[in-house]
Amino acid sequence: VTTGLKGFHTIRRATLADATEIARLTGDLGYPAEANVIARRLETLLVRPDHFVVVAAARENETKLLGWIAAEARAILVAAPRVEIMGLVVDRAARRSGVGKRLVAAAEDWAAERGVRDVVVRSNILRAESHRFYEGVGYRREKSQHVYLKKL
Ligand SMILES: CC(C)(COP(=O)(O)OP(=O)(O)OC[C@H]1O[C@@H](n2cnc3c(N)ncnc32)[C@H](O)[C@@H]1OP(=O)(O)O)[C@@H](O)C(=O)NCCC(=O)NCCS
């Protein structure tokens, strides 16, 4: 439990019961999602030791969430193992109160516990606030890349 400018918040592992709130916040990321779809994905991820999903709530036992982060530990052929932040969003009303920073710190602690030293995140060039955020919490821009997709 930590103190932010907007009061106490608590950081804990996600559970299936968080699916509705995670879906609500995910809409803010530009990926609108149905709660039942998020619930199915959570079900898959929560049992996997290489995945980490953590949420922030204003108080313990509160169902309303202020934010969530998802990260994955990845084994890579051409580089050292790394933890990649796969998603992060903080409720608009709770931004700039340290919630994002605490969520990233939780993912970094998880990486450190696994002996992983590199934490990376890919952020859309359109998300200006996220670039200022990552730089504000100690990340340095490594490169820019194009993302290609083929629908099968
Ligand atoms: C990016 C995001 C997660 C940041 O969450 P947050 O809880 O507001 O961030 P914090 O309050 O922990 O900010 C920590 C530091 O980052 C920097 N920072 C964060 N947002 C910033 C902004 N909009 N402009 C400038 N600096 C910013 C500041 O240095 C801040 O410290 P300070 O408030 O003491 O100055 C949030 O803005 C968000 O959900 N954005 C939309 C989704 C998104 O872009 N996610 C990332 C996808 S990879």
Side-chain angles (χ1 to χ4, degrees), residues 1-15 17-35 37-39 41-42 44-46 48 50-76 79-114 116-149:
V1 180
T2 186
T3 313
L5 292 177
K6 296 180 186 171
F8 287 98
H9 57 267
T10 176
I11 305 279
R12 58 164 174 79
R13 288 285 189 145
T15 71
D18 295 316
T20 307
E21 276 291 285
I22 290 175
R24 175 180 69 81
L25 293 167
T26 304
D28 249 28
L29 255 185
Y31 305 110
E34 307 264 353
V37 174
I38 293 287
R41 293 179 190 150
L42 263 181
T44 308
L45 296 183
L46 292 180
R48 285 184 55 165
D50 52 340
H51 282 265
F52 177 81
V53 187
V54 155
V55 299
R59 277 169 294 276
E60 256 163 284
N61 303 319
E62 178 142 330
T63 49
K64 184 174 162 37
L65 299 184
L66 303 178
W68 61 264
I69 191 169
E72 180 180 9
R74 311 187 83 172
I76 298 169
R82 56 172 57 163
V83 162
E84 181 160 345
I85 295 170
M86 304 303 289
L88 164 68
V89 58
V90 171
D91 193 316
R92 282 179 199 283
R95 286 186 194 165
R96 297 310 292 272
S97 58
V99 176
K101 192 175 186 164
R102 289 277 296 134
L103 289 168
V104 167
E108 292 170 356
D109 288 348
W110 181 67
E113 282 162 21
R114 307 171 67 92
V116 172
R117 302 185 58 188
D118 291 340
V119 182
V120 300
V121 58
R122 294 165 216 264
S123 177
N124 192 311
I125 54 169
L126 300 176
R127 291 193 205 287
E129 82 272 23
S130 83
H131 304 150
R132 290 190 287 264
F133 166 74
Y134 285 117
E135 286 177 3
V137 297
Y139 289 72
R140 291 291 159 261
R141 187 173 303 172
E142 281 273 299
K143 61 180 174 187
S144 299
Q145 51 186 199
H146 295 288
V147 174
Y148 293 86
L149 172 72

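In each ligand, atom 1 is the first atom listed, and ligand 1 is the first ligand listed.
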Student: Using a heavy-atom cut-off of under 4.0 Å, does the side chain or the backbone of Leu29 touch ligand 1, or both, or neither?
Tutor: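 The answer is the side chain of Leu29.
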
Student: Would you mind listing which atoms of ligand 1 come within a distance below 4.0 Å of any non-hydrogen atom of Ser97?
Tutor: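 So the answer, numbered in order with elements, is 11 (O).
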
Student: Mind checking whether Arg122 has an N or O less than 3.5 Å away from an N or O of ligand 1?
Tutor: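 N/O-N/O distance below 3.5 Å does not exist for this pair.
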
Student: Are any side-chain N or O atoms of Asp28 and backbone N or O atoms of Leu25, one a donor and one an acceptor, separated by less than 3.5 Å?
Tutor: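 Side chain of Asp28 to backbone of Leu25, a donor-acceptor pair under 3.5 Å: no, none is there.
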
Student: Has Arg127 got a side-chain atom pairing as donor or acceptor with Leu29's backbone, closer than 3.5 angstrom?
Tutor: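 The answer is yes, because a donor-acceptor pair under 3.5 Å joins these two groups.
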
Student: Pairs of nitrogen or oxygen atoms closer than 3.5 Å, one from Gly100 and one from ligand 1: do any exist?
Tutor: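 For ligand 1, there is an N or O atom that lies under 3.5 Å from one belonging to Gly100.
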
Student: Donor-acceptor check, side chain of His131 to backbone of Asn124, threshold 3.5 angstrom: yes or no?
Tutor: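 Side chain of His131 to backbone of Asn124, a donor-acceptor pair under 3.5 Å: yes, one is there.
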
Student: With the side chain counted from C-beta on, respond yes when Trp68 and Leu103 share a heavy-atom pair under 4.5 Å apart, and no when they do not.
Tutor: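 They are not in contact (no side-chain heavy atoms under 4.5 Å apart), so the answer is no.
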
Student: Is any side-chain heavy atom of Arg41 closer than 4.5 Å to one of Val37?
Tutor: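 The answer is yes, as the side chains (C-beta and beyond) meet within the 4.5 Å cut-off.
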
Student: Could you check which of Arg96, Arg92, Arg102, Glu135 puts a non-hydrogen atom nearest to atom 21 (C) of ligand 1?
Tutor: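 Answer by nearest heavy atom: Arg96.
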
Student: Which ligand 1 atoms are under 4.0 Å away from a heavy-atom of Arg132?
Tutor: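 Checking each atom against Arg132, I get 17 (C), 24 (N), 25 (C), 26 (N).
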
Student: Which part of Lys101 is near ligand 1, with near meaning a heavy atom under 4.0 Å away: side chain, backbone, both or neither?
Tutor: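 Both parts.
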
Student: Walk me through whether Lys64 and Asp91 qualify under side chain to side chain contact (heavy atoms under 4.5 Å, CB included).
Tutor: CA-CA 10 Å; Lys64 184 174 162 37; Asp91 193 316; 3.5 Å; yes

Student: Does Val90 reach ligand 1 with a nitrogen or oxygen that is under 3.5 Å from one of the ligand's nitrogen or oxygen atoms?
Tutor: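 Right, the criterion is met.
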
Student: Please identify which of these residues, Leu88, Leu66, Leu65, meets the side-chain contact (heavy atoms from CB on, under 4.5 Å) condition with Val99.
Tutor: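 Testing Val99 for a side-chain contact (heavy atoms from CB on, under 4.5 Å) against Leu88, Leu66, Leu65 leaves exactly one candidate, Leu66.
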
Student: Out of all atoms in ligand 1, which are within 4.0 Å of some heavy atom of Val89? Include the element for each.
Tutor: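 Selected atoms, number and element: 39 (O).
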
Student: Kindly determine whether Glu21 and Arg24 satisfy salt bridge (Lys or Arg N to Asp or Glu O under 4.0 Å), including the steps that lead there.
Tutor: CA-CA 5 Å; Glu21 276 291 285; Arg24 175 180 69 81; 2.7 Å; yes

Student: Angle class for the Trp110/Phe52 ring planes (parallel below 30°, perpendicular above 60°, tilted otherwise)?
Tutor: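 Trp110 and Phe52: parallel rings.
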
Student: Is there at least one pair of N or O atoms, one from Glu129 and one from ligand 1, spaced under 3.5 Å apart?
Tutor: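 Yes; the residue has a nitrogen or oxygen that sits under 3.5 Å from a nitrogen or oxygen of the ligand.
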
Student: Any nitrogen or oxygen of Tyr134, side chain or backbone, less than 3.5 Å from one on ligand 1?
Tutor: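 N/O-N/O distance under 3.5 Å: no.
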
Student: Is any N or O atom of Gly98, backbone or side chain, closer than 3.5 Å to an N or O atom of ligand 1?
Tutor: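 Yes, Gly98 has an N/O under 3.5 Å of an N/O on ligand 1.
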
Student: Flag Gly136 as yes when one of its N or O atoms lies below 3.5 Å from any N or O atom of ligand 1, and as no otherwise.
Tutor: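 No: no nitrogen or oxygen of Gly136 is under 3.5 Å from one in ligand 1.
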
